[in-house]
Each structure stands twice: as C-alpha cells, then as structure tokens.
**Student:** 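Below you'll find the structure I mean.
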Amino acid sequence: MTSSHARPDSLAALRFPAVRWLLLSGTAEGLAARALAVVIGYQLYRVTHSPLSLGWLGLVEAIPALGLALFGGHFADRQGRKNIVLVTRAIMLLTALGMALFSTGETVSLAALYALVFVSGLARGFGDPAASAFEMQVVPSAVYVNAASWLGSAGLAASMLGPAVGGFAFDVLHAHGAYLLIAALQGVALASIWRVPNIGTPPAPQGTPEPIWDSIREGLTFVGRDPVLLGSMALDLFAVLFGGAVALLPIFADDILKVGAKGLGFLVAAPSVGALLVTLWATRFPPTRGAGCTLLLSVAGFGVSIIVFALSQALWLSLLALVFSGGFDGISMVIRRSILRLRTPAHLRGRVASVSMIFIGSSNEIGAFESGFAANLLGTVRSVWLGGLVTLVVVAVSAWRLPELRRLSLEELNAGELGEEQEGA
C-alpha cells in the first residue's frame, strides 16, 4: 500500500507546540466568552427585568466588533499579529476585572457594565482578525486541516461548557466571583498566546506606507475576485441567515414541543453536540478530497435538517435533526477554515480574516433578527422550513455558478502551499 493511502495521523497537528498553545488559549478564551455572555446577561436581566436590556447588550458589543473588523484586518497585516492579540486579550482580562469591580456592592452601574462591554467589542474588532491571521501564520500548512479540526473541536467544547460554567459560577460565587473566574480564564488565554512561537512572520511592507483605505480595499478586492473564498463565505452567511433556527428555539420548546425550559436546554445544546462529534471525527478523517462537493453537500444537509426540525412534533426527532444540523455545520466549518488558510497569501491574511469575521458576525446577528421578523410575518414553523428551502436553493445556485468551488480539493491546495513554503525556505 502506498503512503498516499495511509490513514492520516489524527494527532499530527498536536505534535507542534504552537498548535498546543493555540488550543489551550482558544479553549480558555472560548470558555470565558461563553461564560461571560451568561453571567452579564443574567445579571442585567435580574437588575432591569427587561428583555430590551439583553437586546442592547448584544448590540453594544456587535457594533464596535463588526464596525472595526476591516481596520483590525489592516493593522493585523501591518503590525505584529502576536502583539495585537496579546494587547487585546489583556484588554479583555481588564474588562472582566472591571465588571467584577462594579459588581461588588448592592447596586450595579448599568452604564459602567455597558461601557466595559463596548470596550470588549473594540478589542474584538482588532483582536479577532489578528488572532485568525496569527493562527494561519504559525500553524504549518501540512497539518492545517488537522489543526482546524482540533481548534474547531475545542471551540465547540467551550461553547457547550462555557454557559454551564458561567451559570454555576453565578450561583455559587455571585456576579463578582464569576467575573473573577472569567478574568482568570482570560489570563490563561493570554499566557498561552504569549507562549506561542512567533514564527512565519510575513515580511514588512516596503516603500511608502499604503493608505489605510487602499489597504482595506485590497483585502475586499482579493476576496471578491476569488470565487472559492467568496463562495464559501457566502454559503455560510446565507445558510445561517435563512436556515438558522437558534433564535426561535424558545418558541419551539414552549409552544410547539411543549418541553419547557429543561427541554430548551437540550435543544440549545444539540447542534453543538453534533458539531463536536463531527470535528473530532475530522481529526482522523480530514475532509480534504473533494472538499468543494463536501462543503456544498454539508450546507445542503444543514438545510434538510432544519426542514425536518421545523416539521417535527416529537422531541426525539427535533433533537436528532438539530444534532445533524450541527454535524453538517461542523464539516462546513472545518472546510471553510482550511480554505481561508490555504487560499490566502501571508500578507493578506489579517484583512481576509476580517472580511470572514464580518460574514460570520452578520449571519449570526442579522440572522437572529431575520428569524424573528420572518416568524412574526409567516408563523414560526413556516418561516423555519421555508428558510431551510432557501438554503437548498442557495446551495443549488452556488454549485451551478461556482464550478471552482464545486471542484475544489484541499489536497491539491495543501500540496501547492507546502511546495511554496519549501521553495522559500
């Protein structure tokens, strides 16, 4: 048997110290972020008893994070990416300590908490593109698909455990102690990034510094001219925008499935369970061969799963459909993350990562609004299964109009980039 048919090494990426430290940092940061969302949301609601306060909470963070993403991508390609990540992670740690400080007495300053959330959004706007570009910079191309599976698995595990950590910490330690625990997790994330070797740094731009708007335009133009990059981002955007049902899960739990708050917890966790299982499977069997077709089929599978969920009247079938939706989304995530790494030149990775961040952020934030608006206009069940149908239409149009994406193989991309690295060594 030739080596080309040998089973991939599922631990290949973990043999590199940079990947291990990135994995620890990402897990700690993910736990902190998800725990923070639960703690501050619950604290604000207990103080205000107003659902509107929760809506403002998401908006206060999303506006600076998404609004500054393109600028963050520019600086990530012009300054030291590791330094940007260290500074922004330090700011996140300080904001958690600030929240603890303002949660010590009987009264809570809502203005102070919102201001600290706004500052954390500013940090995300600069930090997230730099973190993505830094990851792409230090992880060897030969193991990037495997690394994407491990890093994605860690993120999904954090998204499952983080809310439980936040809720448990709030009950036991109250808001002040919960924020201190979150700050400790941010400290672990910060220390882990500091330990990542700063290797593979792209050469600094030569000559006269490029104007910032020209720099941002270069990143946008690069994505716009690459049908694979743009197509993979657009697939995710429209799948979540029209096919997402997360924002409507409380309605399904209470009015349709009649399972109450406990059942809602299972429904919320189900997609993450499916995604985690699939990304762990991908560490052993990476979806590299025929990746384009696999991506299109996974998004189509997501749409079918959402249709089944919308039409289900039984809790077991609804849970199964959501697990499958998360599994298909997990496959899509691994492939999209690998495409981003393998098709983006080193000097553009920050700016391309910022464009990807805007696509993802827009699909989540605007998707929640679209789900609520469509449910109010069409009815909950009808809006969800129609959204699943729209997702299938988007997949069909993408497969027809983007033959480059349909024919994509990550094996060829991986071999090509590895050869370029060896030539430049």
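All of these numbers come straight from a predicted model, not from anything done at the bench. These values consider heavy atoms only, across backbone and side chains, with no hydrogens, waters or symmetry-generated copies.
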**Student:** Strictly distance-based, threshold 3.5 Å: is any side-chain N or O of Ser312 a donor or acceptor partner for the main-chain N or O of Val308?
**Tutor:**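 Here the side-chain-to-backbone pair does not exist.
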
**Student:** To check you understand the geometry: which heavy-atom pair defines the closest contact between Leu93 and Ala183, and what is its length?
**Tutor:**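 Looks like CG-O, 3.8 Å.
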
**Student:** So, the side chain of Thr283 versus the backbone of Leu280: is there a donor-acceptor pair under 3.5 Å, distance only?
**Tutor:**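 Such a contact is found between Thr283 side chain and Leu280 backbone.
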
**Student:** Between the side chain of Ser132 and the main-chain N/O of Asp128, is any donor-acceptor distance below 3.5 Å?
**Tutor:**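 Side chain of Ser132 to backbone of Asp128: no pair is present.
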
**Student:** What verdict does the side-chain contact (heavy atoms from CB on, under 4.5 Å) test give for Leu257 and Leu267, after you've listed the backbone C-alpha separation in whole Å, the side-chain angles of each residue and the deciding distance to 0.1 Å?
**Tutor:** CA-CA 11 Å; Leu257 298 174; Leu267 293 172; 4.0 Å; yes

**Student:** Has Ser192 got a side-chain atom pairing as donor or acceptor with Val188's backbone, closer than 3.5 angstrom?
**Tutor:**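 At least one qualifying donor-acceptor pair exists.
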
**Student:** How long is the span from the CG atom in Leu342 to the CG atom in Leu408, to the nearest 0.5 Å?
**Tutor:**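 It comes to 9.0 Å.
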
**Student:** Do Arg15 and Val143 come close enough that some side-chain heavy atom pair is under 4.5 Å?
**Tutor:**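 They are not in contact (no side-chain heavy atoms under 4.5 Å apart), so the answer is no.
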
**Student:** Could you state the interatomic distance from CG (Leu322) to CZ (Phe252), rounded to the nearest 0.5 Å?
**Tutor:**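 Between Leu322 CG and Phe252 CZ, I get 9.0 Å after rounding to 0.5 Å.
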
**Student:** Backbone N or O of Leu14 within a donor-acceptor pair of the Arg20 side chain at under 3.5 Å?
**Tutor:**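 Yes; judged by distance alone, with no hydrogens or angles, the pair exists.
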
**Student:** Could you report the tightest heavy-atom contact between Leu295 and Ser298, atom names first, then the distance?
**Tutor:**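 Of all heavy-atom pairs spanning Leu295 and Ser298, the closest is O-OG, 2.7 Å.
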
**Student:** With a 4.5 Å limit on heavy-atom distance, are the side chains of Leu340 and Met233 in contact?
**Tutor:**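 They are in side-chain contact.
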
**Student:** Give the C-alpha distance, both sets of side-chain angles, the deciding distance and a yes or no for side-chain hydrogen bond (donor to acceptor under 3.5 Å, both in side chains) between Thr221 and Arg217.
**Tutor:** CA-CA 6 Å; Thr221 301; Arg217 189 181 302 113; over 6 Å; no

**Student:** Given 3.5 Å as the limit, does a donor-acceptor pair link the side chain of Ser354 with the main chain of Arg351, or not?
**Tutor:**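 Yes, Ser354 side chain to Arg351 backbone: donor-acceptor pair under 3.5 Å.
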
**Student:** Do side-chain atoms of Ser149 reach the backbone of Val145 as a donor and acceptor pair under 3.5 angstrom?
**Tutor:**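 Yes; judged by distance alone, with no hydrogens or angles, the pair exists.
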
**Student:** Do you know the tightest heavy-atom contact between Leu276 and Leu156?
**Tutor:**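 That closest heavy-atom pairing would be N-CD1, 3.6 Å.
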
**Student:** Take Val196 and Phe134 through the side-chain contact (heavy atoms from CB on, under 4.5 Å) test and state the conclusion after the steps.
**Tutor:** CA-CA 10 Å; Val196 176; Phe134 184 59; 3.6 Å; yes

**Student:** Between Trp213 and Phe71, is the ring centroid distance below 6.0 Å?
**Tutor:**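 Yes; Phe71 has its ring centre under 6.0 Å from that of Trp213.
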
**Student:** Rounded to the nearest 0.5 Å, how far does OG1 of Thr95 lie from CG of Leu36?
**Tutor:**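 If we round to the nearest 0.5 Å, Leu36:CG and Thr95:OG1 are 7.0 Å apart.
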
**Student:** Are Arg337 and Glu135 close enough for a salt bridge, meaning some N to O gap below 4.0 Å?
**Tutor:**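 Between Glu135 and Arg337 there is a salt bridge, with a charged N closer than 4.0 Å to a carboxylate O.
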
**Student:** What's the spacing between Leu190 CG and Leu94 CG if we round to 0.5 Å?
**Tutor:**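 So the gap between those two atoms works out to 9.5 Å.
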
**Student:** Ignoring hydrogens and angles, tell me if any N or O in the side chain of Lys82 forms a donor-acceptor pair with the backbone of Trp194 under 3.5 Å.
**Tutor:**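 Such a contact is found between Lys82 side chain and Trp194 backbone.
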
**Student:** Does Ser25 reach the side chain of Leu22, with side-chain heavy atoms less than 4.5 Å apart?
**Tutor:**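 Heavy-atom side-chain distance check fails, nothing below 4.5 Å.
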
**Student:** Could you go through Leu311 and Trp385, starting from their C-alpha distance and side-chain angles, then the distance that decides it, and tell me whether this counts as side-chain contact (heavy atoms from CB on, under 4.5 Å)?
**Tutor:** CA-CA 7 Å; Leu311 299 176; Trp385 66 255; 3.8 Å; yes

**Student:** Return yes if a side-chain donor-acceptor contact under 3.5 Å exists between Arg81 and Gln137, otherwise no.
**Tutor:**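 Yes, Gln137 and Arg81 have a side-chain donor paired with an acceptor closer than 3.5 Å.
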
**Student:** Answer yes or no: is there an ion pair linking Arg349 with Asp77, defined by an N-O contact shorter than 4.0 Å?
**Tutor:**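 Salt bridge flag = no for Asp77 with Arg349.
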
**Student:** When rounded to the nearest 0.5 angstrom, what distance separates CG in Leu348 from CG in Asp226?
**Tutor:**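 One finds 11.0 Å between CG of Leu348 and CG of Asp226.
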
**Student:** Would you indicate whether the side-chain heavy atoms of Leu319 and Val273 approach each other to under 4.5 Å?
**Tutor:**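 Not in contact.
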
**Student:** Phe324 vs Phe302, test: ring pair (Phe, Tyr, Trp, His ring centres under 6.0 Å). Steps then yes/no.
**Tutor:** CA-CA 7 Å; Phe324 270 92; Phe302 175 84; over 10 Å; no

**Student:** With a 4.5 Å limit on heavy-atom distance, are the side chains of Phe328 and Leu297 in contact?
**Tutor:**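 Of all side-chain heavy-atom pairs linking Leu297 with Phe328, none is under 4.5 Å.
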
**Student:** Counting N and O atoms only, with roles assigned by atom type, does the side chain of Trp150 sit under 3.5 Å from a partner on the main chain of Ser10, one being a donor and the other an acceptor?
**Tutor:**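 Answer holds: yes.
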
**Student:** Between atom CD1 of Ile216 and atom CZ of Phe75, what is the distance when rounded to the nearest 0.5 Å?
**Tutor:**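 Taking CD1 in Ile216 and CZ in Phe75, the distance rounds to 8.5 Å.
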
**Student:** Measure the shortest side-chain to side-chain distance between Ile306 and Thr391 over non-hydrogen atoms and say whether it is less than 4.5 angstrom.
**Tutor:**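 Sidechains of Thr391 and Ile306: no contact.
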
**Student:** Could you pull out the closest heavy-atom pair between Tyr179 and Ala96, with the gap in Å?
**Tutor:**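 Heavy-atom minimum between the residues: CB-O, 3.6 Å.
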
**Student:** Would you say the side chain of Leu185 lies within less than 4.5 Å of the side chain of Glu29, judging by non-hydrogen atoms?
**Tutor:**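 With C-beta onward as the side chain, the pair stays apart.
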
**Student:** Please find the pair of heavy atoms, one from Gly330 and one from Val278, that lie closest to each other, and give the distance.
**Tutor:**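 Closest approach of Gly330 to Val278: C-CG1, 4.2 Å.
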
**Student:** How about Leu235 and Leu405: do any of their side-chain heavy atoms sit closer than 4.5 Å?
**Tutor:**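 Yes, close enough: below the 4.5 Å cut-off.
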
**Student:** Has Phe170 got more than 12 heavy atoms of other residues, nucleotides or ligands less than 6.0 Å from its CZ?
**Tutor:**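 Buried by this count: over 12 neighbours within 6.0 Å.
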
**Student:** Kindly indicate, with the supporting measurements, whether the criterion side-chain contact (heavy atoms from CB on, under 4.5 Å) is fulfilled by Leu70 and Leu220.
**Tutor:** CA-CA 9 Å; Leu70 292 177; Leu220 291 170; 4.1 Å; yes

**Student:** Return the minimal non-hydrogen interatomic distance between Gly166 and Val39, and the atom names on each side.
**Tutor:**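 Between these two residues, the closest heavy atoms are O-CG2, 3.5 Å.
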
**Student:** Give the C-alpha distance, both sets of side-chain angles, the deciding distance and a yes or no for side-chain hydrogen bond (donor to acceptor under 3.5 Å, both in side chains) between Ser398 and Arg406.
**Tutor:** CA-CA 8 Å; Ser398 299; Arg406 190 177 65 245; over 6 Å; no

